[in-house]
Structure formats: structure tokens, C-alpha cells
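Okay, so here's the structure we're looking at.
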Amino acid sequence: MTDNLLAVALVFLGLFLGGGVYSLAKQGLKAGAAICAVGAVMAITAGVLWW
């Protein structure tokens with residue numbers, strides 16, 4: 001059960017970072033959006049693989 005909760009937390013973190021990508025891109029901060037996008041993809045991938 002704990003493994004599933006950690007996976008859900010990682011997916012949630014990835015979605016949160018995805019919102020950061022949208023916000024940073026809207027502000028014109030492309031470098032920050034790119035870094036945030038890498039983190040979001042890594043978090044969602046880790047969450048899905050851990051599930």
C-alpha cells in the first residue's frame with residue numbers, strides 16, 4: 001500500500017510541475033519552463049513505473 005501512495009505522490013508532483021511549466025511559459029521564461037518540464041516528465045515516469 002505504501003508503494004502505491006508514493007507512486008501517487010510522484011504523479012501528483014509531476015502534475016504540479018506541469019502547472020509550473022504552463023505558468024513559466026506564459027511568463028516567457030523558457031529556460032525555467034524547460035527545467036521544470038524535465039522534472040515533471042521524470043516525476044510522472046517514476047510514478048507510473050513504480051505503480
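Computed from heavy atoms alone, side chains included, the values below leave out hydrogens, waters and symmetry copies.
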Rounded at 0.5 Å granularity, tell me how far CG in L49 sits from CG in L10. 10.5 Å
What is the minimum heavy-atom distance between A40 and G18, and which atoms define it? CB-N, 3.9 Å
Could you list the donor-acceptor pairs under 3.5 angstrom formed between side-chain atoms of residues 26-34 and any protein atom two or more places apart in sequence or on another chain?
from, atom 1, to, atom 2, distance (Å)
Q27, NE2, S23, OG, 3.4

To the nearest 0.5 Å, what is the distance between CZ on F16 and SG on C36? 8.5 Å
Answer yes or no: is there a side-chain heavy-atom contact under 4.5 Å between W51 and V8? yes
Through direct or indirect side-chain contacts below 4.5 angstrom among Ile, Leu, Val, Met, Phe, Trp and Tyr, which residues connect to V48? V11, L15, I44
CH2 on W50 to OG1 on T45, rounded to 0.5 Å: 14.0 Å
